Amino acid sequence: MDSPRAPAASSAAVPRHVAIVMDGNGRWAKRRFMPRFFGHKQGVDALVRTVQACADRGVEYLTVFAFSSENWKRPSEEVSGLMGLVLVAVSKYLTKLSKEGVRIRIVGDREAVSDRVRDAWHTAESQTAHNTRITLSVAFNYGGRWDVVQACRRAVAEGLAPAEIDEARLSSLMALSYAPDPDLFIRTGGEVRISNFLLWQVAYAELYFSDCLWPDFDAAELDQALAAYARRDRRFGLVKTAEPQPATSGA
Ligand code: FPP
């Protein structure tokens with residue numbers, strides 16, 4: 001059965017929604033004999049480049065995995081470095097992104113982050129709320145399983161009866177309820193897994209994996225991913241449209 005949120009089978013060349021696991025910052029820095037934090041810092045620049053490139057190509061939603069529920073297990077100096085980077089990134093890029101029409105949304109569990117980080121996110125969201133060119137969703141302290149659990153908790157809290165819970169209802173309670181499901185899922189850094197990102201929402205996404213380390217990601221890398229996407233035959237569970245015909249020679 002098709003998901004109610006899956007768009008109708010289409011050959012639209014440009015995905016409406018791109019989701020990215022920005023992997024490879026640590027290795028990028030290590031190759032330069034630099035601390036991992038340097039890779040994350042360059043990763044912010046790659047992210048800003050990518051938002052711009054996506055907007056220029058007509059992508060309406062970009063969702064990136066900036067800090068997973070599991071990233072708390074990293075060394076404490078790396079975790080605090082990433083938290084500090086939120087403050088730096090917001091003060092350095094918020095005005096620019098807002099001027100370019102980027103609406104910023106944060107998805108994830110905000111309970112565990114500091115007041116300063118929460119305030120920075122609040123500022124980023126409120127200052128860009130009116131923008132319409134592209135929506136950048138930053139998944140921060142996010143996990144796909146966390147998202148399913150929080151949606152179920154909200155369903156219970158709203159007093160929904162079991163019969164009232166279906167895919168559409170649960171989708172409306174998920175963190176990305178304001179966005180269509182991702183059409184294209186990109187992971188950089190050479191690993192070939194989803195790593196608990198948007199588990200519910202990627203049901204029908206086209207998956208694209210690249211060896212490029214995230215700080216090197218640029219418009220040309222994005223174009224390669226978009227070209228691969230444009231070649232895919234999206235069927236959403238429907239039958240193939242151009243099935244190769246069996247030979248009729250009787251052989
Ligand atoms: C994975 O690379 C990347 C992260 C855990 C962090 C991603 C964050 C950014 C790109 C910065 C964006 C930040 C903000 C504040 C918006 P890795 O460290 O696992 O790399 P490795 O696999 O080479 O070790």
Side-chain angles (χ1 to χ4, degrees), residues 18-54 61-98 100 102-110 112-125 127-128 134-144 146 175 185-198 209-218 221-222:
V18 175
I20 307 185
V21 175
M22 308 178 290
D23 197 11
N25 296 344
R27 277 164 288 162
W28 186 93
K30 194 174 175 196
R31 284 179 194 174
R32 289 159 179 79
F33 307 101
M34 298 293 280
R36 294 175 59 80
F37 177 74
F38 185 63
H40 295 316
K41 196 160 162 289
Q42 296 298 312
V44 174
D45 294 344
L47 172 56
V48 172
R49 276 200 303 272
T50 303
V51 177
Q52 176 80 63
C54 282
Y61 296 87
L62 172 65
T63 302
V64 295
F65 210 3
F67 191 89
S68 75
S69 314
E70 291 74 33
N71 283 156
W72 294 105
K73 296 177 196 146
R74 294 193 173 201
S76 60
E77 63 272 19
E78 184 170 352
V79 171
S80 54
L82 281 165
M83 295 296 160
L85 205 50
V86 172
L87 309 178
V88 173
V90 169
S91 73
K92 189 172 172 191
Y93 287 117
L94 181 56
T95 306
K96 172 185 160 66
L97 290 173
S98 188
E100 286 169 6
V102 180
R103 176 174 71 145
I104 298 176
R105 299 288 298 256
I106 311 304
V107 291
D109 183 358
R110 299 185 195 206
V113 303
S114 70
D115 290 347
R116 290 182 75 196
V117 170
R118 222 182 350 260
D119 288 351
W121 286 142
H122 178 70
T123 304
E125 287 186 321
Q127 278 191 24
T128 62
I134 185 169
T135 297
L136 168 65
S137 301
V138 179
F140 200 89
N141 196 21
Y142 176 89
W146 165 84
F185 172 103
I186 299 173
R187 181 176 184 140
T188 61
E191 307 289 354
V192 187
R193 52 178 173 261
I194 293 175
S195 294
N196 199 20
F197 189 39
L198 303 176
F209 298 95
S210 163
D211 289 334
C212 173
L213 302 178
W214 177 251
D216 289 328
F217 199 82
D218 58 11
E221 293 286 341
L222 177 69

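We count ligands from 1, going down the list as the structure has it; atoms in each ligand are counted the same way. Predicted model, so just to flag it, every value in this text is computed and none were measured. Here, residue 1 is the first one in the sequence, and each next residue gets the next number.
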Under 4.5 Å between any side-chain heavy atoms of V102 and T128, yes or no?
no
So how far is it from E221 CD to D211 CG, rounded to the nearest 0.5 Å?
9.5 Å
Check if R74 has a non-hydrogen atom at a distance under 4.0 Å from any atom of ligand 1.
yes
Once the angle between the rings of W214 and F217 is folded into 0 to 90°, is it parallel (under 30°), tilted (30 to 60°) or perpendicular (over 60°)?
parallel
Return yes or no for this condition: an N or O of G26 is under 3.5 Å from an N or O of ligand 1.
yes
So F140 and W121, would you call those rings parallel, tilted or perpendicular, with 30° and 60° as cut-offs?
perpendicular
Is it the side chain (CB and beyond), the backbone, both or neither of L213 that lies under 4.0 Å from ligand 1, heavy atoms counted?
neither
Top protein contact for atom 9 (C) of ligand 1, by heavy-atom distance:
N25 ND2, 3.7 Å
As an exercise, identify every atom of ligand 1 less than 4.0 angstrom from a heavy atom of D23.
1 (C), 2 (O), 17 (P), 19 (O), 20 (O), 21 (P), 22 (O)
Tell me, which protein residue and heavy-atom name are nearest atom 8 (C) of ligand 1, and how many Å apart are they?
A66 O, 3.6 Å
Using modelled atom types only, decide if a donor and an acceptor are shared between the side chain of R103 and the backbone of I134 within a distance under 3.5 Å.
no
Would you say G24 contacts ligand 1, with heavy atoms under 4.0 Å as the rule?
yes
Among all protein heavy atoms, pick out the one at the shortest distance from atom 3 (C) of ligand 1; state its residue, atom name and that distance to 0.1 Å.
M22 O, 3.2 Å
Note the single closest protein heavy atom to atom 13 (C) of ligand 1, along with its residue, its atom name and the distance in Å.
V44 CG2, 3.9 Å
Atoms of ligand 1 under 4.0 Å from any heavy atom of N71, numbered from 1 in the order shown, are 5 (C)
Heavy-atom contacts under 4.0 Å between W214 and ligand 1: side chain, backbone, both, or neither?
side chain
Go through ligand 1 atom by atom and flag the ones less than 4.0 Å from a non-hydrogen atom of V86.
15 (C)
Using a 3.5 Å cut-off on N or O atoms only, is R27 in polar contact with ligand 1?
yes
Identity and separation of the nearest protein heavy atom to atom 16 (C) of ligand 1:
L47 CD2, 3.9 Å
Side chain of R74, backbone of E70: donor and acceptor closer than 3.5 Å?
no
Return yes if some donor-acceptor pair links the side-chain N/O of Q127 with the main-chain N/O of L94 below 3.5 Å, else return no.
no
Looking only at protein heavy atoms, what sits closest to atom 4 (C) of ligand 1 is H40 CE1, 3.8 Å
Relative to each other, are the rings of W28 and F38 parallel, tilted or perpendicular (30° and 60° limits)?
tilted
Side-chain (S68) to main-chain (G143) donor-acceptor, under 3.5 angstrom:
no
Under 3.5 Å donor-acceptor, R187 side chain and R193 backbone
yes
Which residue and heavy atom of the protein sit nearest atom 18 (O) of ligand 1, plus the separation
R36 NH2, 2.7 Å
